Each structure stands twice: as structure tokens, then as C-alpha cells.
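Naming convention: chains lettered A, B, ... in sequence-line order (proteins, then strands); numbering from 1 in each chain. From a predicted model like this one, the values you see are computed outputs, not experimental measurements. Any value given below was found using the heavy atoms of this structure, including those in side chains, with hydrogens, waters and symmetry copies removed.
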Number of protein chains: 2
Amino acid sequence: MLSKTTEYAIRALVSVELNSRKGQRPGFKTIARDIDAPEQYVAKIMQTLTRFKLLKSVRGRGGGFFFTEDNQQDIFLYDVVWIMEGKTFFTRCGFGFKHCDANNPCPLHNEYEPIREAFTQLLKKETIRSLATKIEKGEAVLSRLSV
Amino acid sequence: MLSKTTEYAIRALVSVELNSRKGQRPGFKTIARDIDAPEQYVAKIMQTLTRFKLLKSVRGRGGGFFFTEDNQQDIFLYDVVWIMEGKTFFTRCGFGFKHCDANNPCPLHNEYEPIREAFTQLLKKETIRSLATKIEKGEAVLSRLSV
DNA sequence: AGTAAAAAAGACCTTAAAATCTTTTATAAT
DNA sequence: ATTATAAAAGATTTTAAGGTCTTTTTTACT
Ligand code: FES
Ligand code: FES
């Protein structure tokens with residue numbers, strides 16, 4: 001569904017949020033450990049996310065990644081997916097056509113479109129914060145050891 | 001969602017079904033033209049599908065791909081996806097964990113699982129025949145020119 | 001028997017995603 | 001100023017999906 005890169009991006013942001021709540025400002029190594037992903041790859045993803053201003057970074061001693069007042073407003077998963085996968089993600093045809101067109105539908109359209117829409121709504125509802133809160137409450141985990 | 005290869009596989013089978021209804025026994029070149037996919041790649045996919053006995057093939061003059069009495073029972077999209085993507089397809093975690101586990105859920109599980117299940121049900125309901133029928137009725141198309 | 005037609009098989013190539021390695025730039029403490 | 005720390009940037013590698021090319025095998029027609 002989502003690419004591995006997008007999944008890492010979401011998990012990374014949740015990691016920053018959880019660390020922030022503990023008064024920490026994590027670096028990419030901490031984040032990578034948190035979400036069990038390759039360090040340098042996480043570093044690249046963080047670069048993308050900061051370039052798109054989903055969060056801020058500072059270099060050097062005591063540096064790391066963090067949210068500012070600007071970002072303190074909720075980041076929807078929709079935003080992250082939009083950045084990482086592109087806007088076409090939300091309108092792809094489930095049958096492989098170049099794009100979805102209700103006026104010239106593929107044979108899956110009528111049934112696929114609502115499912116795609118449900119997923120989009122999920123991405124428009126859940127935020128980095130909401131996921132972090134579930135984890136903080138112990139209702140979910142950010143990472144799981146292999147099995 | 002589905003890989004390009006799986007999409008080709010489904011469309012190829014629908015093409016065989018439509019051709020059969022017209023009394024034809026298509027070869028991979030005809031199928032490739034029908035579904036607007038690369039000839040040799042379609043040939044490879046057809047090899048996989050025949051190996052898994054979703055349909056039969058005969059070589060040489062007058063050869064091609066066709067369904068037998070055995071296959072005349074409906075082929076569910078579920079079967080095709082199972083073959084092309086593997087059984088793990090239906091139980092993947094939307095958050096990137098190795099697998100989905102309701103007892104140790106990711107923060108998307110509660111909302112993602114029903115969506116994944118809805119898609120699985122769609123694949124268990126629709127068949128190669130049902131798609132072919134929609135196309136025959138003019139309710140949908142098998143292929144679309146670029147745009 | 002010989003030939004043409006078609007799928008099967010195997011080797012190979014291309015592209016994009018995922019991942020790694022190395023160098024540079026910014027920051028803060030000493 | 002120097003040094004340690006950390007992100008940014010750039011180049012490169014690896015892996016897997018997607019795609020192509022060539023040869024072999026099977027089949028039917030003449
Ligand atoms: S046309 Fe295929 S999903 Fe809409
Ligand atoms: S654990 Fe992630 S979807 Fe079930």
C-alpha cells in the first residue's frame with residue numbers, strides 16, 4: 001500500500017513527537033533505532049521532511065529534529081503521504097490504468113473507489129500526534145522485534 | 001496496491017475470457033495488444049498462470065491460451081493475487097511491520113485492518129468472468145488509451 | 001519429412017526503490 | 001581558534017520489479 005520509505009517517514013515523525021514529549025530532540029541515529037530502520041536511510045528521509053517543512057532541524061552540537069510552533073499544528077498522515085508518494089497516490093486506478101476516471105471506468109472502479117476513499121479518509125483523520133498518543137497510552141507500538 | 005505484474009495478470013485473464021466468448025483462442029501477442037502491455041512480459045506472466053493451472057495453453061499452430069472445463073469454474077481475483085503476490089499480501093501491516101498482529105498492533109491497525117479486509121472481500125467476490133461480463137455489457141473497459 | 005506457428009525457457013538488460021559510504025557545512029562547547 | 005558533534009549533500013551500491021532478446025520445444029499443416 002504505502003512504500004517502505006513512506007512508512008519510515010511516518011514512523012520517524014512519530015518518533016520525533018514521542019521524543020519531544022519527553023523533552024528530547026532526537027538525531028537521525030536515535031530515530032533510526034526507535035523505528036528499527038537503516039540510519040543513513042532515515043537521515044535521507046529526514047532531509048526530505050525538513051525540506052518540506054514538516055519539521056525543523058539544527059546541525060552541530062545539541063542539534064537534531066524537532067517541531068516548531070508552526071508545525072505544532074497537526075501533521076496529517078495525508079500530508080506525509082502526499083510529500084513522499086505524490087498527489088497521484090490518492091487517485092490511482094486499482095486496475096492499473098494511468099489514472100482513475102469514473103466516466104470511463106475499469107471493471108474494478110465501482111468497488112475499488114470506496115475502499116481507496118476510505119483509506120484516504122483514514123490518512124486525513126490520523127495525525128502524527130494521534131499515533132503518538134496511542135503509543136503513549138500503550139494501545140499500540142512504534143516498532144516490533146522481527147516476529 | 002497491486003503490483004503492475006498482478007494487474008497485467010488479471011487483465012490478461014480477462015482478455016482470454018473475452019476472446020473465448022468470441023470463439024477465439026488468443027496467443028500472448030493478442031493478449032498483450034488487448035491489455036496494452038509488453039508482449040514478452042505478458043508471455044512470462046502467462047507462463048506463470050499456466051504453471052499454476054489457472055488456464056491451459058497449447059503450443060504450435062493454432063495454439064494459444066484457453067480455459068478448460070476444470071477452469072470453467074470461476075477464477076477469483078483472490079486466486080490470481082495469491083499466486084502473483086503471495087499469501088502474505090492479505091495480512092500485511094499498513095504501518096510496515098513484518099506482519100499484522102492484532103495482539104501487538106501498530107497505531108494504524110484498528111482502522112487499517114477493516115480497509116484491508118474490504119479489499120480482500122472484493123478480491124474474493126469478483127472473478128475473471130464477472131469482470132469480463134462488465135466489459136461485455138459496456139459498463140467498463142479492459143484498456144484505455146493513455147489519458 | 002519438412003516447414004511454419006506458437007508457447008516455453010533461459011539469459012540478459014533497465015529502471016526505480018532501498019540502502020550505504022564519503023565529504024561538506026553548520027553549531028556549540030572548550 | 002580548535003575541536004567535537006550533528007545534519008546536509010553527493011556519490012555510489014544493492015536489490016527487486018519490470019522488461020527484452022534469443023534459443024528451444026511442441027504442434028499442425030503441407
Ligand atoms: S478507473 Fe480503475 S479504479 Fe477508477
Ligand atoms: S499491526 Fe499494522 S495493520 Fe495490523
Side-chain angles (χ1 to χ4, degrees), chain A residues 1-13 15-16 19 24-33 35-68 81 83-86 88-89 92 96 98, chain B residues 1-13 15-16 19 24-33 35-68 81 83-86 88-89 92 96 98:
Chain A
M1 190 73 111
L2 298 172
S3 71
K4 223 164 172 179
T5 306
T6 302
E7 290 170 350
Y8 287 158
I10 294 172
R11 296 189 357 222
L13 288 167
S15 163
V16 174
N19 276 281
Q24 312 278 3
R25 172 181 290 188
F28 68 84
K29 290 177 188 176
T30 302
I31 297 169
R33 191 169 24 73
I35 71 175
D36 188 33
E39 284 190 0
Q40 290 299 318
Y41 198 55
V42 168
K44 285 293 178 201
I45 292 169
M46 296 314 290
Q47 282 175 34
T48 302
L49 296 175
T50 51
R51 209 178 317 120
F52 278 91
K53 308 217 188 298
L54 286 195
L55 77 173
K56 294 265 287 177
S57 68
V58 290
R59 300 184 188 191
R61 276 210 174 193
F65 298 92
F66 60 99
F67 300 111
T68 63
V81 174
I83 287 170
M84 304 305 290
E85 311 252 1
T88 62
F89 179 86
R92 294 218 182 108
K98 291 261 183 353
Chain B
M1 189 72 111
L2 296 173
S3 71
K4 223 165 173 180
T5 306
T6 303
E7 290 169 350
Y8 287 157
I10 294 172
R11 292 181 12 212
L13 288 167
S15 164
V16 174
N19 275 282
Q24 312 277 3
R25 171 182 291 187
F28 68 85
K29 290 178 188 174
T30 302
I31 297 170
R33 189 168 26 71
I35 71 175
D36 189 32
E39 285 191 359
Q40 290 299 318
Y41 199 54
V42 168
K44 286 293 179 202
I45 293 170
M46 295 315 290
Q47 282 175 34
T48 302
L49 297 175
T50 50
R51 209 177 318 119
F52 278 91
K53 307 215 188 299
L54 286 195
L55 77 173
K56 293 267 286 178
S57 69
V58 290
R59 300 185 187 190
R61 279 212 172 191
F65 298 91
F66 60 99
F67 300 110
T68 62
V81 174
I83 287 170
M84 303 306 290
E85 312 252 2
T88 62
F89 179 88
R92 294 219 181 107
K98 291 258 181 357

From [X] atom [atom1] to [Y] atom [atom2], the distance as rounded to the nearest 0.5 Å:
{"X": "B:K53", "Y": "B:I83", "atom1": "NZ", "atom2": "CD1", "result": "11.0 Å"}
{"X": "B:F66", "Y": "B:T50", "atom1": "CZ", "atom2": "OG1", "result": "10.5 Å"}
{"X": "B:F28", "Y": "B:Q40", "atom1": "CZ", "atom2": "CD", "result": "5.0 Å"}

Legend entry - DNA chain D: 5'-proximal contact among A:G63 and A:R51 (nearest heavy atom): A:G63
Inset, instruction - Map B:R61 and A:S57 onto DNA chain D by nearest heavy atom, then report which one ends up closer to the 5' terminus. - result: A:S57
Inset, instruction - Could you tell me which non-hydrogen atom of A:I35 sits nearest to which non-hydrogen atom of A:Y8, and how far apart they are? - result: CD1-O, 3.7 Å
Legend entry - Reference residue A:S15; test side chain to side chain contact (heavy atoms under 4.5 Å, CB included); the match among A:I10, A:I31, A:T30: A:I31
Choosing from [options], which nucleotide comes nearest the side chain of [X]?
{"X": "A:T50", "options": "C:dA19, C:dC21, D:dA8", "answer": "D:dA8"}
{"X": "B:Q40", "options": "C:dT20, C:dA6, D:dT20", "answer": "D:dT20"}
{"X": "A:P38", "options": "D:dG18, C:dA19, C:dA8", "answer": "C:dA19"}

Inset, instruction - Output yes when at least one side-chain N/O atom of A:K4 is less than 4.0 Å from OP1 or OP2 of C:dA19, else no. - result: yes
Inset, instruction - Could you tell me whether the phosphate oxygens of C:dA17, OP1 or OP2, come under 4.0 Å of any side-chain nitrogen or oxygen in A:T5? - result: no
For atom [atom1] of [X] and atom [atom2] of [N], their distance in whole Å:
{"X": "A:F65", "N": "C:dT27", "atom1": "CZ", "atom2": "P", "result": "14 Å"}
{"X": "A:R33", "N": "D:dA6", "atom1": "CZ", "atom2": "C1'", "result": "15 Å"}
{"X": "B:I45", "N": "D:dT20", "atom1": "CD1", "atom2": "P", "result": "11 Å"}
{"X": "B:Y41", "N": "C:dT15", "atom1": "OH", "atom2": "P", "result": "15 Å"}
{"X": "A:E39", "N": "D:dT5", "atom1": "CD", "atom2": "P", "result": "15 Å"}
{"X": "B:Y8", "N": "D:dA17", "atom1": "OH", "atom2": "P", "result": "15 Å"}
{"X": "B:F66", "N": "C:dA7", "atom1": "CZ", "atom2": "C1'", "result": "12 Å"}
{"X": "B:D36", "N": "D:dG19", "atom1": "CG", "atom2": "P", "result": "11 Å"}

Legend entry - Base D:dA9 to side chain A:K44, donor-acceptor N/O within 3.5 Å cut-off: yes
